[in-house]
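Convention: sequence-line order gives letters A, B, ...; per-chain numbering from 1.
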Protein chains: 2
Amino acid sequence: MTKPMKKRDAKKSKKLILDCAIKLFSTNGYSSTSMEELAKMCDLNKAMIFYYYKTKQGLYEAVIIQILDEIYATIIKENADISKPMEELESFIKTYALFACSHSYLPSLLLRELSDSGAKMPKTLFFHMRKLYILFASILDRGVKKGCFEDVIPMIVYFMVVGTLNLMVTTKPLRIKAHEIDGIDTCSTCDMDEISEYLIKKIKKMLKEK
Amino acid sequence: MTKPMKKRDAKKSKKLILDCAIKLFSTNGYSSTSMEELAKMCDLNKAMIFYYYKTKQGLYEAVIIQILDEIYATIIKENADISKPMEELESFIKTYALFACSHSYLPSLLLRELSDSGAKMPKTLFFHMRKLYILFASILDRGVKKGCFEDVIPMIVYFMVVGTLNLMVTTKPLRIKAHEIDGIDTCSTCDMDEISEYLIKKIKKMLKEK
DNA sequence: TATAATTAACTAATCAGTTGGTTAATGAGG
DNA sequence: CCTCATTAACCAACTGATTAGTTAATTATA
């Protein structure tokens, strides 16, 4: 009846903490996430969290970097061999949509951070968010210069795309419930492909010249 | 040197607590808002919060009802003597935009609540949110039947409008800062009228028949 | 054996909510 | 108009639970 002794693996432990932290932070938010709870989820002692990440804030920033680096890299990769702005825009939307759908902590985390005025937003998050927007804006800009888009306010268009996609992901359970309750059409059975197809179609129409 | 004694006014105190709670909940979120802090802000004893609102959750729901009733009533009022779907849509967007701008706790609170899957969202909030969406969807529906709109998925269009407006409000300080740092165009000097005008124009173009 | 990984047990602060009591306003009877 | 009882409004001080973060000792591994 000896206790099953755990293998020691620093990398694995550190990664495990990060992965669990992503789940907890994105579902509960920063301040409702308890380090005790996180430790239990990892089956590690709470002190290990501080051993690897110093502070709760430090862990949170590591989570952010992980998530935003991932989506940025994914979009860059998918856009690699496209040169037409119209197709780049399409690819951006489609890639973001798929990623957001399969990594739903991204929309949760972004919306939560954007829901206040960013007074205490970590600098790293702010930096990475700007990077993603700049990428999007540059696609639009090239499109305008090539004459495929007109009358563009990039910031608004960006939020029309990314904001909508994020909300469609995070509200999925609510939309299903709302449909069950009042029978209203909440797009509750749409999958992410349909959503991004529709969005692409509409954004194109919106930006195209008469 | 007698201490300046406070007049007793139950209604005023109760209202004061609610007003301060709106500010705190929308800027800090539910769990980061301390009842102690709120009491200090009201210059009342903490026990008074529980005297009037029983629990923190109860206070939060009172806050929600207050905010969402207000925006709903405002939109209904502004739409009262309009019958054309196109104008109704325009009025909805314009009214929502102005309200969101002058009551910025609304976007903060909505985005925050929508950023998780709504597992612990108060029933009252869910109910009021549906009401607002149903109003919007019915405008679109009438428009489709009258032939002014085509190819409409109301849920997506709703988020394109409301999601974008909410984000433009909450991110205002961040957008200004981003513009200062990288010189990028973040629509940082746009006022809410320009934003809603642009949005109306684009949404119209999006939904109008060829 | 040296050091990296891990732990139990702790601290000090903060939290929502309660308790038991103290004022201030109110209304009725003299 | 005054007085006294009733009650609504208010508060200081508390409870018990939870929090982020620390420490000092203990394993496992190279």
Side-chain angles (χ1 to χ4, degrees), chain A residues 1-64 112 119-122 124, chain B residues 1-64 109 112 120-122 124:
Chain A
M1 277 300 157
T2 50
K3 53 182 81 174
M5 91 180 79
K6 239 187 295 178
K7 269 242 185 85
R8 290 189 171 188
D9 188 336
K11 261 189 196 162
K12 209 171 143 187
S13 294
K14 195 174 175 183
K15 182 78 189 330
L16 182 66
I17 291 171
L18 193 70
D19 288 341
C20 294
I22 288 177
K23 277 180 208 152
L24 288 181
F25 279 135
S26 63
T27 55
N28 306 327
Y30 180 78
S31 54
S32 292
T33 296
S34 143
M35 296 299 96
E36 190 67 57
E37 185 194 0
L38 172 59
K40 263 180 202 146
M41 192 172 166
C42 302
D43 194 29
L44 283 170
N45 191 279
K46 190 179 58 160
M48 294 311 294
I49 299 168
F50 297 93
Y51 178 67
Y52 287 119
Y53 294 98
K54 289 260 162 71
T55 63
K56 186 181 182 181
Q57 190 64 35
L59 172 61
Y60 186 63
E61 292 185 23
V63 162
I64 285 164
R112 206 186 298 273
K120 56 219 156 110
M121 177 186 287
T124 47
Chain B
M1 279 297 156
T2 49
K3 53 183 80 173
M5 91 178 83
K6 238 188 295 178
K7 271 255 182 71
R8 291 187 171 190
D9 189 335
K11 262 188 196 163
K12 210 170 142 189
S13 294
K14 196 175 174 182
K15 182 79 190 330
L16 182 66
I17 291 171
L18 193 70
D19 288 342
C20 294
I22 287 178
K23 275 180 212 154
L24 289 182
F25 278 136
S26 64
T27 54
N28 305 329
Y30 180 79
S31 53
S32 292
T33 296
S34 141
M35 297 298 95
E36 191 68 57
E37 185 194 1
L38 172 60
K40 261 180 205 146
M41 192 172 167
C42 301
D43 195 29
L44 282 170
N45 191 277
K46 190 177 57 159
M48 296 311 295
I49 299 168
F50 297 93
Y51 179 68
Y52 287 119
Y53 296 97
K54 290 260 161 70
T55 62
K56 186 182 182 181
Q57 189 63 34
L59 172 62
Y60 187 62
E61 293 186 21
V63 162
I64 286 165
L109 208 136
R112 206 185 299 274
K120 56 219 157 114
M121 178 187 286
T124 47

Length of the CG-P vector between A/Asp43 and C/dT6, whole Å: 11 Å
Within 45° cone and under 6.0 Å: B/Lys14 NZ/CZ vs B/Tyr53 ring: yes
Touch class at under 4.0 angstrom, heavy-atom based, for A/Thr33 against every strand present: sugar-phosphate
Separation of C/dT26 C1' from B/Asp9 CG (nearest whole Å): 14 Å
Rounded distance (Å) that lies between atom C1' of D/dC10 and atom CZ of B/Arg8: 5 Å
Between C1' of D/dC11 and OH of B/Tyr51, the distance in whole Å: 12 Å
Euclidean distance, atom CE of residue A/Met48 to atom C1' of C/dT7 [Å, nearest integer]: 9 Å
Electrostatic pair A/Lys23:A/Asp19 at N-O distance under 4.0 angstrom: no
Heavy-atom donor-acceptor pair, A/Asn45 side-chain to C/dA8 base, under 3.5 Å: yes
Which residue lies more 5' along DNA chain C, comparing B/Ala47 with A/Ser13 via nearest heavy atoms: A/Ser13
d(NZ, A/Lys11; P, C/dA5) in whole Å: 11 Å
Presence of donor-acceptor pair under 3.5 Å, side chain of A/Lys46 and base of D/dG21: yes
Short side-chain N/O contact to C/dT6 OP1/OP2 from A/Tyr52, under 4.0 Å: yes
Within 45° cone of A/Tyr51 ring axis and under 6.0 Å: A/Lys46 NZ or CZ: no
Sugar-phosphate only, base, or nothing, as touched by B/Leu44 at under 4.0 Å among non-hydrogen atoms: sugar-phosphate
Aromatic ring pairing B/Tyr30/B/Phe25, orientation class (parallel under 30°, perpendicular over 60°, tilted between): parallel
Length of the line joining B/Lys12:NZ and C/dA25:P, which is rounded to integer Å: 12 Å
Residues in side chain to side chain contact (heavy atoms under 4.5 Å, CB included) contact with A/Thr55, at least two apart in sequence or another chain: A/Gln57
Length of the line joining B/Asn28:CG and C/dA16:P, which is rounded to integer Å: 11 Å
